[in-house]
Amino acid sequence: SVTEGDDMVRKHPVIFSLADLIVINKVDLANVIEVDPKILVRDANRLRPRAPISLTDAKHGNGVPELMKAMGIW
């Protein structure tokens, strides 16, 4: 979640380095919280370059269909 800050990936490197799929949620709040999702994506790509990354706003459903496809659900 972007609400954790733009250093979220750097704070939890083990989790992200082992992830098969990375979801960055609440991107609709990024401007309010002054977090740049591009930084999160950049950091995630550095730790796990082959993992797909989904940017979502689950509350409003944005990005959810793409996430479900990435998960093989849809």
Side-chain angles (χ1 to χ4, degrees):
S1 164
V2 298
T3 57
E4 250 192 89
D6 59 13
D7 60 346
M8 171 185 50
V9 176
R10 294 186 304 275
K11 288 190 290 189
H12 307 287
V14 175
I15 293 169
F16 287 92
S17 67
L18 298 173
D20 293 324
L21 171 67
I22 297 169
V23 180
I24 299 171
N25 192 33
K26 299 184 182 179
V27 295
D28 58 313
L29 300 176
N31 288 334
V32 175
I33 298 171
E34 297 181 1
V35 170
D36 186 351
K38 292 177 190 170
I39 293 172
L40 298 170
V41 170
R42 180 202 66 200
D43 291 345
N45 278 324
R46 286 181 179 164
L47 287 173
R48 191 72 167 172
R50 290 187 177 87
I53 300 174
S54 291
L55 299 173
T56 62
D57 165 11
K59 181 176 182 177
H60 301 103
N62 298 323
V64 174
E66 293 83 359
L67 172 59
M68 292 178 75
K69 286 179 187 174
M71 294 175 64
I73 295 173
W74 204 345

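- For Thr3, the side-chain hydrogen bond (donor to acceptor under 3.5 Å, both in side chains) partners at least two apart in sequence or on another chain are Ser1.
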List the atom pairs, with distances to 0.1 Å, where a side-chain N or O of residues 51-70 and a protein N or O form a donor-acceptor pair under 3.5 Å, not counting sequence neighbours.
residue, atom, partner, partner atom, Å
Thr56, OG1, Asn25, OD1, 2.7
Asp57, OD1, His60, N, 3.3
Asp57, OD1, His60, ND1, 3.1
Asp57, OD2, His60, ND1, 2.8
Asp57, OD2, Asn62, ND2, 3.2

Could you give the side-chain donor-acceptor pairs of residues 28-41 under 3.5 Å, partners two or more places apart or in another chain?
residue, atom, partner, partner atom, Å
Asp36, OD1, Lys38, N, 2.9

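- Considering all non-hydrogen atoms of both residues, Phe16 and Arg48 come closest at O-CB, 3.4 Å.
- Taking hydrophobic clusters as Ile, Leu, Val, Met, Phe, Trp and Tyr residues chained together by side-chain heavy-atom distances below 4.5 Å, Val23 does not share a cluster with Leu47.
- When hydrophobic side chains of Ile, Leu, Val, Met, Phe, Trp and Tyr are connected at separations under 4.5 Å, Val14 ends up clustered with Leu18.
- Although no hydrogens or angles enter the test, the distance criterion places no donor-acceptor pair under 3.5 Å between the side chain of Lys11 and the main chain of Gly5.
- Residues passing the side-chain hydrogen bond (donor to acceptor under 3.5 Å, both in side chains) test with Asp43 are Arg10, sequence neighbours excluded.
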